[in-house]
Amino acid sequence: MTGTVVIVGLGPGDPEKVTPEVMAALDQATDVVGYIPYVARVAPRPGLVLHPSDNRVELDRATHALEMAAAGQRVVVVSSGDPGVFAMASAVFEALEARPDLAHVPVTVLPGITAMLAAAAAAGAPLGHDFCAINLSDNLKPFDLVEKRLRLAAQADFAMGFYNPRSKSRPHQFARVLEILREECEPGRLILFARAVSTPEQAIRVVPLAEATEDMADMRTVVLVGNSATRRVGNYVYTPRSA
């Protein structure tokens, strides 16, 4: 009997932001697969086996999930935020493409609230018009491609959301990101740094581009960059829908 793979997003951190649909999938699961800190967010219970693994083994993790489902297990693959945004949904389909013998396994993707959208909501509406999301990590793509996409997005006057802006292994790259933004954008362009969004440690800081520094971001930070029309109203930041 074939089981199922359900790929879910656990939201940005606040348990109340996990959707009822995702909670129901977790309640029905026999196995949960995911990156160590995300699996740790799933409460243990009798009959549930947790399979935490390192962050750099996405395809191995996805293949394991498909193989367990083929053996009859009800497998839930967890990501933070939304599973289709720089997360496990694409990894599962990549693994499925490489394993045609597992093509019969039913796969369902359930959406979640991304850190980018949670940060935007906490600040007001900085993504109120056209925007794009860019993963600044070069783990899966060369950094020159990151630079190209960043520069073109700035030239097109998109608001932008940046994931994985700065880590201990690549502390210098966010400085380069700020350098490119300063080459393409005006000094007053608003940048929002949202750390640990939706958790008790949440901290949101909004500064003009001229005052932004690389140490304002780390791997728990989502960075939002407004477009040329993004502005403040009271304590809020918003981008007009006509921008």
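In this chain, numbering begins with 1 at the start of the sequence shown. Not measured: the values here are computed from a predicted model.
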Point to revise | Partner set under salt bridge (charged side-chain N to carboxylate O under 4.0 Å, His left out) for Glu186, not counting sequence neighbours | key: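 Counting only residues at least two positions away or on another chain, Glu186 forms a salt bridge (charged side-chain N to carboxylate O under 4.0 Å, His left out) with Arg189.
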Exercise for review: For Arg231, check salt bridge (charged side-chain N to carboxylate O under 4.0 Å, His left out) against everything at least two apart and list the hits.
Suggested key: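 Counting only residues at least two positions away or on another chain, Arg231 forms no salt bridge (charged side-chain N to carboxylate O under 4.0 Å, His left out).
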Would you say [X] and [Y] are hydrophobically clustered, going by side-chain heavy atoms of ILVMFWY under 4.5 Å?
X: Leu50; Y: Val77; result: no
X: Val42; Y: Ile7; result: no
X: Leu110; Y: Met23; result: yes
X: Val109; Y: Val8; result: no
X: Val39; Y: Val57; result: no

Practice item. Kindly write out the residues that satisfy side-chain hydrogen bond (donor to acceptor under 3.5 Å, both in side chains) with Arg41, not counting sequence neighbours, or none if the list is empty. Key: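 If we apply the side-chain hydrogen bond (donor to acceptor under 3.5 Å, both in side chains) test to Arg41, skipping adjacent residues, there are no hits.
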May I ask you to test the [X]-[Y] pair for a side-chain heavy-atom distance under 4.5 Å?
X: Leu178; Y: Ile191; result: yes
X: Val5; Y: Thr108; result: no
X: Val107; Y: Val92; result: yes

Measure the [atom1]-[atom2] distance between [X] and [Y] for me, rounded to the nearest 0.5 Å.
X: Met216; Y: Phe193; atom1: CE; atom2: CZ; result: 5.5 Å
X: His129; Y: Asp157; atom1: NE2; atom2: CG; result: 9.5 Å
X: Leu26; Y: Glu21; atom1: CG; atom2: CD; result: 11.0 Å
X: Leu152; Y: Glu147; atom1: CG; atom2: CD; result: 11.5 Å
X: Ser198; Y: Glu16; atom1: OG; atom2: CD; result: 10.0 Å
X: Leu136; Y: Asn164; atom1: CG; atom2: CG; result: 7.5 Å

Nearest heavy atoms of [X] and [Y], plus distance in Å:
X: Ala62; Y: Ala91; answer: CB-O, 3.6 Å
X: Pro111; Y: Val22; answer: O-CG2, 4.0 Å
X: Ala25; Y: Val6; answer: CB-CG1, 4.1 Å
X: Ala154; Y: Cys185; answer: CB-SG, 4.0 Å
X: Phe143; Y: Val177; answer: CZ-CG2, 4.2 Å
X: Phe174; Y: Pro165; answer: CB-O, 3.5 Å

Please list, chain by chain and in numerical order, all residues satisfying side chain to side chain contact (heavy atoms under 4.5 Å, CB included) with [X], sequence neighbours excluded.
X: Ala153; result: Cys132, Ile134, Phe158, Met160
X: Gln73; result: Thr30, Asp31, Met68, Val75
X: Glu211; result: Val207, Pro208
X: Ala118; result: Pro12, Ile113, Val197

Side-chain donor/acceptor of [X] to backbone N/O of [Y], under 3.5 Å:
X: Arg61; Y: His51; result: no
X: Arg74; Y: Gln28; result: yes
X: Thr63; Y: Asp60; result: no
X: Asp82; Y: Gly112; result: yes
X: Arg205; Y: Ala194; result: no
X: Thr239; Y: Thr230; result: no

**Study point:** Salt-bridge contact Arg176-Glu179 (side-chain N to carboxylate O under 4.0 Å)
**Key:**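 Yes, this pair counts.
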Check your understanding: Can a salt bridge be assigned to the pair Glu183 and Arg151 using a cut-off of 4.0 Å between side-chain N and carboxylate O?
Key ->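 Yes, charged N to carboxylate O under 4.0 Å.
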Check your understanding: For residues 101-129, which residue pairs qualify under salt bridge (charged side-chain N to carboxylate O under 4.0 Å, His left out), counting only residues two or more places apart or in two chains?
Key ->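 As it turns out, the salt bridge (charged side-chain N to carboxylate O under 4.0 Å, His left out) pairs with a partner in residues 101-129, which skip direct neighbours, are Arg99-Asp101.
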What residues join [X] in its hydrophobic cluster, counting side-chain heavy atom gaps under 4.5 Å, either direct or through other members?
X: Tyr236; result: Val233, Tyr238
X: Leu59; result: none
X: Val222; result: Val85, Phe86, Met116, Leu117, Leu127, Phe131, Tyr163, Leu190, Leu192, Ile204, Val206, Leu224, Val237

Exercise for review: Applying side-chain contact (heavy atoms from CB on, under 4.5 Å), run through Asp144 and Lys148 and close with a yes or a no.
Suggested key: CA-CA 6 Å; Asp144 59 356; Lys148 177 182 178 180; over 6 Å; no
Is atom [atom1] of [X] surrounded by more than 12 heavy atoms (other residues, nucleotides or ligands) closer than 6.0 Å?
X: Arg241; atom1: CZ; answer: no
X: Asp27; atom1: CG; answer: yes
X: Lys141; atom1: NZ; answer: yes
X: Arg182; atom1: CZ; answer: yes

**Study point:** Pairs where residues 14-46 contributes a residue and the test ring-ring contact (aromatic ring centres under 6.0 Å, His included) is met, not counting sequence neighbours
**Key:**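 As it turns out, the ring-ring contact (aromatic ring centres under 6.0 Å, His included) pairs with a partner in residues 14-46, which skip direct neighbours, are Tyr35-Tyr38.
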Point to revise | Trace of the side-chain hydrogen bond (donor to acceptor under 3.5 Å, both in side chains) decision for Asn135 with Ser137 | key: CA-CA 6 Å; Asn135 187 341; Ser137 171; 4.6 Å; no
Review point. Could you go step by step and tell me if Leu48 and Val32 meet the side-chain contact (heavy atoms from CB on, under 4.5 Å) rule?
Key: CA-CA 7 Å; Leu48 178 65; Val32 169; 3.7 Å; yes
Review point. Stepwise, does the side-chain hydrogen bond (donor to acceptor under 3.5 Å, both in side chains) test hold for Glu201 with Thr199?
Key: CA-CA 5 Å; Glu201 294 80 38; Thr199 75; 3.2 Å; yes
